[in-house]
Amino acid sequence: VYRELGYFHTIDFRACCCPASMIAPLAFGIIWLMKSMYTLMGPWGNYGVVIMVLVFVVRLILHPVTKKSQVSMMKMQKLGPRMQEIQKKYANNKAEMNKQVMQLYKEGGATPVMGMLPMFLQMPIWIALWTAVYTSIDLRGAGFLPFWITDLSQPDHLFRIPFASALQQIPLIGGIVPDYFNLLPILMGVVMYMQQKLMPTSQAAATNPQMAQQQKMMLIMMPLLFPVMLYNGPSGVNLYIMSSIGAGVIEQKVIRKHIAERQEEE
């Protein structure tokens, strides 16, 4: 119907790093799903609650991938000492080092890419949700709570920053001073930091200062980068990402506990 009416030609899908041919149907699918859930809620309809339910549905679908990711990361953690031995042995032969590392991964059943796969799979969903919030008329002015997040299509604007106008007149720093304090991006950074802390630290990193420094930088940069990028983003998108990462933290703890218990039994 949307294609027949020509809507696909009038909407900027903001595909970002993903092809519009993938984001367009995904965005319309999200709009349809959110509208259906909102309708089913009847007089208690709340798009903020709908977004939380959407988080649960997506997490449930991606659970097998998330579990495989955690298993792979725990295997890589155990391979740390052997990895360090290979790095020392072939320090002057990078090609042979890479060959031996790949062989080690194969023998240990570990895949480095699996660690970030759940986030990579969710990136198109985040972009499509941004487009869905941007294009859907139903979400314009739709709130979550009466005192906070009163418009899911706009930043949450918890309160106006005092003297913001005066601070914006200061050279160099004035251009980065926002008018409002948005809480959701800050909470997103906190839960992302918690998620990074849960990532298994390889034993090689414990004895390799360079690798340890890289992991420390990732722990700091990721929780800072996303809140800065999405500070003025729609609160509906930020609510989804924050809730998804928060649910992921709980999911990771449950999965890792289950894996540890199973290993103890074996």
Side-chain angles (χ1 to χ4, degrees), residues 1-66 117-158 180 182-185 187-188 191-192 226-227 229-248 251:
V1 176
Y2 289 111
R3 193 178 298 277
E4 292 174 0
L5 294 174
Y7 287 178
F8 279 86
H9 304 291
T10 61
I11 296 175
D12 177 12
F13 287 101
R14 298 190 173 191
C16 188
C17 54
C18 298
S21 58
M22 178 176 66
I23 297 300
L26 190 56
F28 277 110
I30 289 175
I31 291 174
W32 174 83
L33 183 60
M34 292 176 66
K35 179 66 175 178
S36 300
M37 288 191 290
Y38 182 84
T39 303
L40 287 173
M41 293 176 69
W44 296 281
N46 185 305
Y47 273 107
V49 176
V50 167
I51 288 173
M52 306 288 274
V53 174
L54 186 62
V55 168
F56 174 78
V57 172
V58 173
R59 276 287 170 187
L60 191 63
I61 294 172
L62 294 180
H63 178 73
V65 179
T66 304
L117 187 58
M119 180 175 287
F120 286 148
L121 290 177
Q122 286 213 74
M123 286 297 290
I125 299 175
W126 294 354
I127 297 170
L129 180 64
W130 185 299
T131 296
V133 173
Y134 171 69
T135 57
S136 178
I137 300 299
D138 295 323
L139 270 76
R140 303 291 175 90
F144 178 36
L145 300 172
F147 54 89
W148 182 44
I149 312 180
T150 55
D151 187 346
L152 290 163
S153 66
Q154 298 293 326
D156 59 294
H157 287 173
L158 185 62
Y180 290 89
N182 301 328
L183 180 59
L184 268 177
L187 294 177
M188 183 199 307
V191 295
M192 189 168 285
F226 271 81
M229 290 172 52
L230 299 173
Y231 188 80
N232 289 314
S235 56
V237 177
N238 287 340
L239 177 64
Y240 177 90
I241 297 176
M242 185 204 69
S243 303
S244 179
I245 297 174
E251 186 181 18

Could you grab the distance from atom OG1 of Thr66 to atom CD1 of Ile61, nearest 0.5 Å is fine?
11.5 Å

Between Leu158 and the options Leu183, Asn182, Ile149, the side-chain contact (heavy atoms from CB on, under 4.5 Å) test singles out Leu183

Could you measure the distance from the CD1 atom of Ile241 to the CD1 atom of Ile125? Nearest 0.5 Å is fine.
11.0 Å

Name every donor-acceptor pair, under 3.5 Å, that has one atom in a side chain of residues 26-39 and the other anywhere in the protein, sequence neighbours excluded.
{"from": "Ser36", "atom 1": "OG", "to": "Trp32", "atom 2": "O", "distance (Å)": "2.8"}
{"from": "Thr39", "atom 1": "OG1", "to": "Lys35", "atom 2": "O", "distance (Å)": "2.8"}

So, taking the atom named CG in Leu129 and the one named CG in Leu54, what distance separates them when rounded to the nearest 0.5 Å?
6.5 Å

Could you check whether any side-chain N or O of Arg59 sits under 3.5 Å from a backbone N or O of Ser244, counting only pairs where one atom can act as donor and the other as acceptor?
yes

Minimal non-hydrogen separation, Leu239 against Phe144, with atom names
CD2-CD2, 4.1 Å

For residues Leu184 and Trp148, determine if any side-chain heavy atom of one lies less than 4.5 Å from a side-chain heavy atom of the other.
yes

For Ala247 versus Val55, what's the shortest heavy-atom pair and its separation?
CB-CG1, 4.4 Å

Determine whether a donor-acceptor pair (N or O, by modelled atom type, separation under 3.5 Å) exists between the side chain of Ser235 and the backbone of Gln154.
yes

Determine the minimum heavy-atom distance between Pro124 and Leu121, stating which atoms define it.
CD-O, 3.3 Å

About how many Å separate CE of Met192 and CZ of Phe226, when rounded to the nearest 0.5 Å?
4.5 Å

Verdict with supporting geometry, Leu230 and Trp130, side-chain contact (heavy atoms from CB on, under 4.5 Å)
CA-CA 11 Å; Leu230 299 173; Trp130 185 299; 3.3 Å; yes

Answer yes or no: is there a side-chain heavy-atom contact under 4.5 Å between Pro185 and Asp156?
yes

Can you give me the closest heavy-atom contact between Val133 and Ser153, atom names plus distance?
CG1-CA, 3.6 Å

Where do Asp151 and Leu139 come nearest, in terms of heavy atoms and distance?
OD1-O, 3.5 Å

Full working for side-chain contact (heavy atoms from CB on, under 4.5 Å) between Leu152 and Tyr240:
CA-CA 11 Å; Leu152 290 163; Tyr240 177 90; over 6 Å; no

Which value, rounded to the nearest 0.5 Å, describes the distance between Met41 atom CE and Asn46 atom CG?
5.5 Å

Could you list the residues that satisfy ring-ring contact (aromatic ring centres under 6.0 Å, His included) with Tyr180, not counting sequence neighbours?
His157

